[in-house]
There are 2 protein chains.
Amino acid sequence: MAPADGSVDPIGAVGAVRVRRGRSAEGRAEVRRELVAAAVRLFAGQGYDDTTVDDIAAAAGVGRRTFFRYFRSKEDAISPDHDTALARVAEVFDSAHPTEPAIHLALRAGETVFDLYTDDPELSVQRFRLTHDVPVLRDRESASVDRYRRMFTRYLRARLADDPDGELRAAVIGAAVVAAHNLELRRWLAGGADAGEIDACRERFHRIAAMLPIEPGEPGGELAAVTQRLEAAVGRLEQTGR
Amino acid sequence: MAPADGSVDPIGAVGAVRVRRGRSAEGRAEVRRELVAAAVRLFAGQGYDDTTVDDIAAAAGVGRRTFFRYFRSKEDAISPDHDTALARVAEVFDSAHPTEPAIHLALRAGETVFDLYTDDPELSVQRFRLTHDVPVLRDRESASVDRYRRMFTRYLRARLADDPDGELRAAVIGAAVVAAHNLELRRWLAGGADAGEIDACRERFHRIAAMLPIEPGEPGGELAAVTQRLEAAVGRLEQTGR
DNA sequence: TTGTTTAACGGCACGTAGTGCCGTTACGCT
DNA sequence: AGCGTAACGGCACTACGTGCCGTTAAACAA
């Protein structure tokens with residue numbers, strides 16, 4: 001897997017204790033932050049296409065070649081650290097109890113991805129605007145999101161392997177959970193990433209549980225799920241005033 | 001919108017009757033097919049990264065500059081014509097009856113995308129293998145698929161605007177329909193794109209109807225949907241032998 | 001302190017994608 | 001036959017991304 005900080009593997013740094021070598025005393029993390037800050041600032045100020053890697057490197061006070069030692073590409077400079085979040089999601093699935101309902105597990109896994117954006121809300125909002133405006137960045141974001149969907153679907157497929165239409169249900173649940181997560185995340189970011197509204201977004205995210213296909217295979221689980229669905233349906237009927 | 005054949009806009013060709021100009025008597029479509037064939041053959045033979053645009057152009061007997069008059073990028077040479085399919089999907093949504101259930105409509109719209117691949121099964125299989133093996137092509141495919149999801153979600157959101165949790169339901173239904181469509185399409189392509197198996201894939205695709213959140217707002221619709229869901233649940237219970 | 005090791009850096013050169021420009025060619029039309 | 005025009009090929013240019021190499025400075029040992 002890629003290193004947790006998302007940097008390109010420097011051969012000698014693999015598995016090494018954080019020992020600082022080279023001329024820079026502040027460490028790699030500091031240089032990386034400066035590059036990200038410069039990239040975000042320049043992209044927002046003069047446009048993505050009109051900003052060259054030379055511009056970013058010069059603004060951060062490093063050479064152009066060094067930029068590519070920290071990021072695989074120009075687009076990478078503003079990408080969140082999806083590798084870390086993907087690893088967290090995998091950890092949730094791998095350490096889950098075998099009898100935990102798939103939908104509950106999927107929601108727990110989706111929860112962990114929120115943290116990737118809530119750690120630095122301002123940066124997340126800037127990234128959100130850029131990925132919303134620049135087509136090539138939006139495409140890149142789509143590809144990243146699809147990696148989450150594939151991971152969710154793959155784990156769910158293994159869990160639902162014995163169920164009728166298990167593969168289809170895994171695809172539906174995986175896609176729905178990722179879509180709902182993104183919907184609420186983007187709503188939160190579009191609203192300015194107010195820290196007080198995070199919980200409301202998480203709550204709305206959890207509402208998809210009532211919209212997902214119930215799972216057979218557990219003692220009593222089906223009836224409880226049917227009841228849950230019926231109650232949710234009745235709640236909607238009551239809200240529509242019929 | 002982009003022209004139906006996916007080519008880059010030649011200014012004078014917009015809205016013109018298919019009149020052949022220039023030195024090539026066979027027409028643009030013929031040159032385009034030769035370029036696609038050369039690209040697919042070279043990508044599969046010597047790898048995507050080891051194939052330059054010069055190689056493709058030379059194999060097709062045209063200049064490098066001409067290649068970029070037919071395709072926006074190297075990756076575009078093997079991309080299906082998503083613009084046409086997206087336009088068809090929009091047409092289905094735009095011309096739909098206002099009272100048609102959203103899920104039924106979404107399935108109808110998804111149906112039309114199958115045709116994009118069934119027209120030329122061999123080419124679709126080759127493209128499938130390339131998009132499966134080459135990371136940059138897979139990312140591009142993810143971005144294309146996400147455009148379908150966004151279009152589905154946008155139309156569904158407008159239709160479910162008055163429902164409780166309508167936006168969330170639109171996101172779930174849109175993502176689920178697109179995911180199910182892709183699951184069955186890729187299953188069909190991975191199996192060799194046998195013409196006799198298309199109907200089975202379409203049938204499996206329609207099974208997601210029983211997995212999607214029921215819709216309130218229609219006279220008697222809720223009860224029918226609940227019944228449908230309960231029957232589907234009972235069917236699964238019976239299949240599991242409980 | 002001095003010398004050795006080594007990770008990170010900057011610079012250079014190179015291949016390739018993609019674009020703007022322009023002269024040329026060949027087809028269609030009058 | 002002559003004209004207009006659309007497509008073509010070539011050229012030059014920018015920028016991304018990478019391999020290579022000499023240099024620098026930090027860490028460590030003597």
Side-chain angles (χ1 to χ4, degrees), chain A residues 3 5 7-32 34-35 39 42-43 46-58 60-78 134-137 140, chain B residues 3 5 7-32 34-35 39 42-43 46-58 60-78 134-137 140:
Chain A
D5 63 350
S7 61
V8 180
D9 278 335
I11 298 166
V14 173
V17 190
R18 181 59 60 93
V19 179
R20 292 296 317 125
R21 301 283 177 117
R23 69 182 54 170
S24 173
E26 313 89 334
R28 278 182 69 92
E30 179 66 19
V31 176
R32 184 185 170 84
E34 288 182 12
L35 280 170
L42 291 172
F43 289 167
Q46 63 190 45
Y48 178 82
D49 290 330
D50 291 337
T51 302
T52 69
V53 175
D54 286 278
D55 296 336
I56 304 170
V62 300
R64 162 191 163 77
R65 192 65 184 82
T66 298
F67 175 90
F68 288 106
R69 287 197 177 93
Y70 283 85
F71 304 100
R72 292 184 184 83
S73 69
K74 176 181 170 184
E75 307 153 10
D76 245 18
I78 61 146
V134 183
V136 61
L137 296 180
R140 188 180 181 76
Chain B
D5 63 350
S7 60
V8 180
D9 277 337
I11 298 165
V14 173
V17 190
R18 181 59 61 92
V19 178
R20 293 299 315 126
R21 300 279 176 125
R23 70 181 53 172
S24 173
E26 314 88 334
R28 278 182 68 92
E30 178 67 19
V31 176
R32 184 184 168 81
E34 287 182 13
L35 280 169
L42 290 172
F43 289 165
Q46 64 190 45
Y48 178 81
D49 290 329
D50 291 336
T51 302
T52 68
V53 174
D54 287 278
D55 295 336
I56 304 171
V62 299
R64 162 191 162 78
R65 193 65 185 81
T66 297
F67 174 91
F68 287 106
R69 289 198 175 92
Y70 283 85
F71 304 101
R72 291 184 185 83
S73 69
K74 176 181 168 184
E75 307 152 7
D76 246 18
I78 61 146
V134 183
V136 62
L137 296 180
R140 187 181 181 76

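Note on naming: letters A, B, ... go to the chains in the order of the sequence lines (proteins, then strands), and numbering restarts at 1 for each one. Values below: every heavy atom of this structure, side chains too, minus hydrogens, waters and symmetry copies.
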### Message
Is there a side-chain contact between Phe68(A) and Val53(A) in this structure, where contact means two heavy atoms from C-beta onward sitting under 4.5 Å apart?
### Response
yes
What are the atom names and distances for every N/O pair under 3.5 Å that joins the protein to nucleotides 12-15 of chain C?
none

## Note on the structure
To the nearest angstrom, the CZ-P distance between Phe67(B) and dG10(D) comes to 16 Å
### Query
Out of dG17(D), dG10(C), dG18(C), which nucleotide sits closest to the side chain of Phe68(A)?
dG17(D)
### Task
Please tell me if the side chains of Asp76(B) and Arg140(B) come closer than 4.5 Å, counting only heavy atoms from C-beta onward.
yes
#### Entry: Candidates dG17(D), dG18(C), dC8(D) - which lies nearest the side chain of Lys74(B)
dG18(C)
### Query
How about Glu34(A) and Tyr70(A): do any of their side-chain heavy atoms sit closer than 4.5 Å?
no
#### Entry: Those residues that, when tested against Thr51(B), pass side-chain hydrogen bond (donor to acceptor under 3.5 Å, both in side chains) (two or more places apart)
Gln46(B)
### Message
Could you check whether any side-chain heavy atom of Thr66(A) comes within less than 4.5 Å of a side-chain heavy atom of Arg69(A), counting everything from C-beta outward?
### Response
yes
### Task
Would you mind reading off the distance between Arg72(A) atom CZ and dG19(D) atom P, rounded to a whole angstrom?
13 Å
### Val62(B), nearest nucleotide to its side chain (from dG9(D), dA17(C), dC9(C))
dG9(D)
### Query
What nucleotide, of dG18(C), dC8(D), dC9(C), holds the atom closest to the side chain of Thr66(B)?
dC8(D)
### Task
Mind calculating the distance between CZ (Arg28(B)) and C1' (dA6(D)) to the nearest angstrom?
10 Å
### Message
If you compare every side-chain N and O of Tyr70(A) against the phosphate oxygens of dA8(C) (OP1, OP2), does one of them come in below 4.0 Å?
### Response
no
### Query
Rounded to whole angstroms, how far apart are CD on Glu75(B) and C1' on dC16(D)?
13 Å
